[in-house]
J.: 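Before I ask anything, here is the structure I am working with.
Keep in mind it's a predicted model, so treat the numbers as computed, not measured.
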Amino acid sequence: MSAENLRVSRMHESSLDLMKRSGRSRRLTLRFAQLKELLVATGALVAALCAASTAEAQSSNWSGFYLGGNIGGAWGSQRTDVQAADWLYDPLFPPFIASAGSSKSSPSNFTGGAQAGWNWQSQGFVWGLEGDIRALSLASHSDTGYIKDPYFQADSRFLEMTKIEWLATLRGRAGIPLGGALLYGTAGLAFGAVKSTYNYNVLYYGYDSHGAASTVATGWTAGAGVELPLSAKWTVGVQYLRFDLGSVNYQSKDKASFYHEKISASMLGDLVTATLNYRF
């Protein structure tokens, strides 16, 4: 390939990268606007339902089994750390891999699901156990575009993706009835389906390292909420949860060589949801 053709090819690739990044920026702006509208609407709905609560509902006992649904927003904090495993003889390469290959991002999305639980009320305290599961699709994407590689002295590119497809929790709850509402704290286990992919490609040299992992990760969750009866059978509430699923670790390898990288992808996040329960 001539120098002129190489220059034109790189200009074309740079233009495509710029168009892709611009498109991603517009999609992120739209997604944040949608999440903001959802939270405002959720708050207005809960306020309206709370206002409709009757004096009879406020004196309700919280003991018993309940089943319901939830809807809201999810915000994540994702980090991918990359380590060069078989490049130790080159002093420039491990720092380059660790710096250029590692990434951080803050994905967000809507979430919705179902929950079920049991409460016991005794002497002004309410104890309970709750399990829930929700669709999440909380995904982070990282694309460095083509950058200069100190080892190959050529353009290289890192592509990474980490996604939580669904999240389930099993939590204890402890609270106090106050003015007709139930104020509670909650903590327990979190489980989530996590997928992660990694690709390191060197242009014109044919080095193409791929890696992927798919697993159900286990971690912790904690938060708090408020719940208010609408009638003898129905309750409405708002809940906040923080969750951490730990790290998913795997390797990436080029098929034509023995070189490989070690990848560690972690995801933690926050959930704000409105809940509606039916008590049996």
Side-chain angles (χ1 to χ4, degrees), residues 38-39 42-43 45-77 109-136 138 164 166-193 216-246 267-280:
L38 172 65
L39 291 180
T42 298
L45 174 62
V46 172
L49 291 173
C50 289
S53 178
T54 64
E56 178 183 358
Q58 290 178 349
S59 63
S60 175
N61 189 291
W62 292 93
S63 296
F65 175 74
Y66 61 89
L67 178 69
N70 63 80
I71 187 172
W75 294 264
S77 178
N109 207 346
F110 303 108
T111 182
Q115 68 274 347
W118 191 285
N119 288 324
W120 296 268
Q121 183 168 346
S122 175
Q123 298 180 351
F125 291 94
V126 177
W127 313 93
L129 182 66
E130 181 174 287
D132 62 24
I133 187 169
R134 57 179 51 82
L136 200 56
L138 195 61
I164 303 177
W166 55 261
L167 182 75
T169 72
L170 181 61
R171 296 171 283 106
R173 304 203 314 171
I176 56 172
L178 185 64
L182 174 64
L183 306 180
Y184 65 88
T186 182
L189 298 175
F191 313 88
V216 175
T218 304
W220 60 267
T221 182
V226 57
E227 197 170 352
L228 188 69
L230 297 175
S231 68
K233 293 294 186 179
W234 290 96
T235 68
V236 67
V238 176
Q239 179 175 261
Y240 164 78
L241 289 177
R242 177 76 163 176
F243 68 89
D244 187 343
L245 294 178
M267 177 80 80
L268 55 88
D270 303 281
L271 302 171
V272 177
T273 55
T275 63
L276 182 66
N277 290 319
Y278 181 81
R279 299 192 294 180
F280 294 87

J.: Return the OG1 to CG distance between Thr221 and Leu241, rounded to the nearest 0.5 Å.
T.: 4.0 Å
J.: Please examine the side chains of Phe243 and Leu245, heavy atoms only from C-beta on, and report whether any two atoms are closer than 4.5 Å.
T.: yes
J.: For Tyr66 and Asn119, run side chain to side chain donor-acceptor pair (under 3.5 Å): C-alpha distance rounded to whole Å, both residues' side-chain angles, the deciding distance at 0.1 Å, then the answer.
T.: CA-CA 8 Å; Tyr66 61 89; Asn119 288 324; 4.5 Å; no
J.: What are the two closest non-hydrogen atoms of Gly175 and Leu182, and how far apart are they?
T.: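 Smallest interatomic distance, heavy atoms only, reads C-CD1, 4.1 Å.
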J.: Taking atom CG of Asp270 and atom OH of Tyr240, what is their separation to the nearest 0.5 Å?
T.: 3.5 Å
J.: Which distance, rounded to the nearest 0.5 Å, do you find between the CZ of Arg279 and the CG of Asn61?
T.: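 One finds 7.5 Å between CZ of Arg279 and CG of Asn61.
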J.: Where the side chain of Thr273 meets the backbone of Ile71, is there a donor-acceptor pair that is under 3.5 Å apart?
T.: no
J.: Parallel under 30°, tilted from 30 to 60°, perpendicular over 60°: which one fits the rings of Trp118 and Phe65?
T.: tilted
J.: Do Phe280 and Leu67 come within less than 4.5 Å of each other through their side chains, counting heavy atoms only?
T.: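 Phe280 reaches Leu67 side chain to side chain.
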J.: Between Ser63 and Gln121, which heavy-atom pair has the shortest distance, and what is it?
T.: OG-N, 2.9 Å
J.: I need the minimum non-hydrogen distance between Thr111 and Ala135, along with the two atoms involved.
T.: OG1-O, 2.9 Å
J.: Taking atom CH2 of Trp166 as the centre, does the number of heavy atoms from other residues, nucleotides or ligands within less than 6.0 Å exceed 12?
T.: yes
J.: Please name the pair of heavy atoms, one in Ala190 and one in Trp220, separated by the smallest distance, quoted to 0.1 Å.
T.: CB-O, 3.8 Å
J.: Do the side chains of Asp132 and Arg134 get close enough for a salt bridge, i.e. N-O under 4.0 angstrom?
T.: yes
J.: How about Pro177 and Phe125: do any of their side-chain heavy atoms sit closer than 4.5 Å?
T.: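 With C-beta onward as the side chain, the pair stays apart.
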J.: Which heavy atom of Gly180 sits nearest to which heavy atom of Leu228, and what is that distance?
T.: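 The pair with the smallest heavy-atom distance is O-CD1, 3.6 Å.
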J.: Tell me, with the steps shown, if Thr235 and Trp62 meet side-chain contact (heavy atoms from CB on, under 4.5 Å).
T.: CA-CA 10 Å; Thr235 68; Trp62 292 93; 3.9 Å; yes
J.: Using atom types as modelled and distance alone, determine if a side-chain donor or acceptor of Thr169 lies under 3.5 Å from a backbone N or O of Arg171.
T.: no
J.: Quick one: does Phe191's side chain get under 4.5 Å of Leu167's, heavy atoms only?
T.: no
J.: Once rounded to the nearest 0.5 Å, what's the spacing between atom CD of Glu130 and atom OG1 of Thr186?
T.: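 That separation rounds to 6.5 Å.
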J.: Can you check side-chain contact (heavy atoms from CB on, under 4.5 Å) on Thr275 and Gln115, steps first, answer last?
T.: CA-CA 9 Å; Thr275 63; Gln115 68 274 347; 4.0 Å; yes
J.: Where do Leu138 and Trp75 land on the side-chain contact (heavy atoms from CB on, under 4.5 Å) test, with the steps shown first?
T.: CA-CA 8 Å; Leu138 195 61; Trp75 294 264; over 6 Å; no
J.: Asn70 and Ala114: which non-hydrogen atoms are nearest, and at how many Å?
T.: ND2-N, 3.6 Å
J.: Do Tyr184 and Gln239 touch side chain to side chain, with heavy atoms closer than 4.5 Å?
T.: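 Side-chain contact under 4.5 Å: yes.
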